[in-house]
Structure formats: C-alpha cells, structure tokens
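Numbered from 1 within each chain, the chains take letters A, B, ... in sequence-line order.
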2 protein chains.
Amino acid sequence: MTTRRVADLPKPTEAELAILGVLWDRGSGTVRDVHEALYAHEGGGYTTALKLMQVMHAKGLVERDDSQRAHVFRAVVSKERTQKRFLSDMVDRVFDGSASQLVLHALGSQSASREELKEIRQLLNRLDRESK
Amino acid sequence: MTTRRVADLPKPTEAELAILGVLWDRGSGTVRDVHEALYAHEGGGYTTALKLMQVMHAKGLVERDDSQRAHVFRAVVSKERTQKRFLSDMVDRVFDGSASQLVLHALGSQSASREELKEIRQLLNRLDRESK
DNA sequence: TCCCCTCAACGAATGACTTCGTACAGCATG
DNA sequence: CATGCTGTACGAAGTCATTCGTTGAGGGGA
C-alpha cells in the first residue's frame, strides 16, 4: 500500500482522533508537540505518541515531512470531512438512519448559546425554502 | 461483579449495539431471534450471536430470563439513554464539546422531511423562549 | 430405550488498538 | 574522541472485540 484515495481512509480510532485534533488546531506538529499536548501531563510515554503517529502515517491519515530531523506531521483528512464521517456513521448505527432524530436529541440534551440557536434557525429557514 | 448501577454500564460495542437494536425493536428476544435478524442472512454463526449476548449479559447490558429452555433476553438500557450517551461522547470527542456544531453539520449534510423540520423548529422555539 | 434436535457453555484463534522497552543514528559540547 | 540529548524504528506484550468449533445437557419422537 503506497497511496490511497481519500475516501478509502480508515475511520480514525479514539487515540488517533485526539492526535488529529492537535494537528487540526496547530496546522502541523512534531511528535513532541503532540506528546506534550496530549500525553505528557498524564504520564504517557513519548514513544507511544510516536508509534501512534507512525501507524497513522502508514494508514495515510497523516502526511510527514522528514526534511527536518524532527519530522513534521500534518493531517490528510480535514476536520469537517471527518466530523461528517463520524456523524453519518452514528446516524446509521444509533439513530436508525434518521439525522433529524439525532438533531432533536442533540438540541434537547445539550446546551446551545443564543447565537448558535440563531445560526441553526437560519439554516433551518434555508432548508425549509429549499424543500418547497 | 454482580450488580452495577445503570450509569456505570459500559458503552456498547459495534456488534452489541446491533443486538440491542433488535431487542429494542422486539422488546425481547432469544439468541435465535437475534441470530436470524442479524447474522443468519450473511452467514454469521449461531454461536457468535450467543457468545456476544453472553458477554453483554456479563457486562449488564441485557437481562436474561432463563425459566424457558431458550433464554429470553431484554435490553437493560433504554434506546433513548443509549442514543444520548453516544451523542454526548461524540460531541466531546469529535465536535470539541459543541452540540450545536454537530447539529449544524447534521442538518446540513443529511436530509430531513418537512415534518421533521417542523418538529425541530418547534423545539428551537421552545429553547429560545427558555433561554430568555 | 435410543437417536436427533436445539440449546447454553466454554475455550481458542484472530485481529485491531494501545502502550512501552530497547536499539540505534545524528549532533553538539566538553 | 567520549558523553549526553533528541530523535526515529521496531518489536513485544497486553487488552479488547469478534468469530467459531466443540462439548454436553435436555427433551421429544420413533
């Protein structure tokens, strides 16, 4: 396996997702960056972070610039695309394929600010118009 | 481990969730019921379903009536509670804790019927009123 | 009674994810 | 050059989820 279409990339695991989160925030990062952001303060070993990132690279989830001694990693998949991926997986597996059921649960149980509610309402209006 | 508070129940795995889905639909079911609903048509073995349900029973996810020769299983956790659980896990892990970000993604990428949109709007109105 | 069918129990094998120990390379400093 | 620091590579071990084969119990029918 040398290359892989983006659509084929495996779903990130728990630990991989946390690492992607750091890379999305920073744009890019070394193993040390990730280790300090995620593992250092709770005793996680440096090589644990390293190994995970090597695995992620093998899977194609991250790309690596090894022109520096400390290799620089960058996420291959965008945050939005990954969020969408997780979302539709969950709609299928947990909400019987009904996204609006999920939305109702999410709105009902979690808190949203007034601005967020406004934003949701605007999207709702647009959807309403489009579905005419 | 003999008993366990509901709140402590482990998050169902992929396969466990599918089995819970059958039990939620039917109210209860035997291993054979579950096997036929999920595994039979794709060549999955009977003992695979059995083992999974034994594991689920050991974890406390299902209860078992063994007064009949074919034990009858029933979900311990409700569908709604489980949906909520998965939802908030995902909000934390994938959407940086923002439920409304998740809602926006879900509304944007998935389809919803007009009735569903209406229902969402009503909930939105109520939330808006309450946040005053 | 004897055989067959359905069932639960159990253990083994596999594969994925995670964690960590060890080895080794490059570089700077004394 | 020797030492120490920072880095990558690699493999082993542990855990968990999943799948399946085998065994044995129990009940019904020939």
Side-chain angles (χ1 to χ4, degrees), chain A residues 1 4 8-23 28-74 82 86 89 93-94, chain B residues 1 4 8-23 28-74 82 86 89 93-94:
Chain A
M1 189 264 297
R4 202 166 191 174
D8 291 343
L9 290 178
K11 190 172 145 187
T13 68
E14 184 77 20
E16 288 168 351
L17 190 61
I19 290 174
L20 285 175
V22 174
L23 296 181
S28 66
T30 63
V31 174
R32 179 145 311 276
D33 294 331
V34 169
H35 176 249
E36 277 166 7
L38 291 181
Y39 295 91
H41 57 93
E42 51 199 44
Y46 175 88
T47 53
T48 300
L50 171 63
K51 179 63 157 188
L52 279 168
M53 292 170 81
Q54 285 172 340
V55 168
M56 291 171 79
H57 184 246
K59 289 181 180 173
L61 289 174
V62 296
E63 58 189 8
R64 175 167 60 169
D65 171 5
D66 58 357
S67 66
Q68 303 300 117
R69 183 152 123 73
H71 299 178
V72 177
F73 293 80
R74 188 178 300 271
T82 304
F86 272 83
D89 275 14
R93 292 190 302 107
V94 188
Chain B
M1 188 262 300
R4 202 165 190 173
D8 291 344
L9 290 178
K11 190 173 145 187
T13 67
E14 184 78 19
E16 289 168 351
L17 189 61
I19 290 174
L20 285 175
V22 174
L23 296 181
S28 67
T30 63
V31 174
R32 181 145 309 277
D33 294 331
V34 169
H35 176 249
E36 277 166 8
L38 291 180
Y39 295 91
H41 57 93
E42 50 198 44
Y46 173 88
T47 53
T48 300
L50 171 64
K51 179 63 157 188
L52 280 169
M53 292 169 79
Q54 286 172 340
V55 169
M56 290 170 78
H57 184 245
K59 288 181 181 174
L61 289 174
V62 295
E63 58 190 9
R64 176 167 59 169
D65 171 5
D66 57 358
S67 65
Q68 302 301 116
R69 183 151 124 73
H71 300 178
V72 177
F73 293 80
R74 187 178 299 274
T82 304
F86 271 83
D89 274 14
R93 293 190 301 104
V94 187

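In plain terms, the two heavy atoms of L52(B) and A15(B) that are nearest each other are CD1-CB, 3.9 Å. The two residues P12(B) and T82(B) make their nearest non-hydrogen contact at CG-CG2, 4.2 Å. Among all heavy-atom pairs drawn from G29(B) and M53(B), the shortest one is O-CE, 4.4 Å. Across L23(B) and V34(B), no two heavy atoms sit closer than the pair CD2-CG2, 4.2 Å. Residues E36(B) and H41(B) approach most closely at O-CD2, 4.2 Å, considering heavy atoms.
As rounded to whole Å, 12 Å separates atom P of dC17(C) from atom CD of E14(B).
The aromatic rings of H35(A) and Y39(A) lie parallel to each other, their planes meeting at an angle below 30°, with 60° marking the opposite boundary.
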Discussion item. Let's go through D33(A) and V22(A) carefully: what are the C-alpha distance in whole Å and the side-chain angles of both, what is the deciding distance for side-chain contact (heavy atoms from CB on, under 4.5 Å) to 0.1 Å, and is it a yes or a no?
Written reply: CA-CA 9 Å; D33(A) 294 331; V22(A) 174; 5.5 Å; no
Discussion item. Between M56(A) and L20(A), is the side-chain contact (heavy atoms from CB on, under 4.5 Å) condition met? List the steps.
Written reply: CA-CA 10 Å; M56(A) 291 171 79; L20(A) 285 175; 3.6 Å; yes
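Comparing the helix axis at one end of the helix from dT1(C)-dA30(D) to dG30(C)-dC1(D) with that at the other, each defined from 5 consecutive pairs, gives an inter-axis angle of 30° (nearest 10°).
Note on T48(A): a base of the nucleic acid sits closer than 4.0 angstrom, heavy atoms only.
Candidate nucleotides dC17(C), dG11(D), dT18(D) were compared by shortest atom distance to the side chain of K59(A), and dC17(C) ranks first.
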Distances under 3.5 Å only, N/O to N/O: pair up the protein atoms with those of nucleotides 4-8 of chain C.
{"residue": "dT6(C)", "atom": "O2", "partner": "R69(B)", "partner atom": "NH1", "Å": "3.1"}
{"residue": "dT6(C)", "atom": "O2", "partner": "R69(B)", "partner atom": "NH2", "Å": "2.2"}
{"residue": "dC7(C)", "atom": "OP2", "partner": "R32(B)", "partner atom": "NE", "Å": "2.2"}
{"residue": "dC7(C)", "atom": "OP2", "partner": "R32(B)", "partner atom": "NH2", "Å": "2.7"}
{"residue": "dA8(C)", "atom": "OP1", "partner": "H71(B)", "partner atom": "N", "Å": "3.1"}
{"residue": "dA8(C)", "atom": "OP2", "partner": "Y46(B)", "partner atom": "OH", "Å": "2.5"}

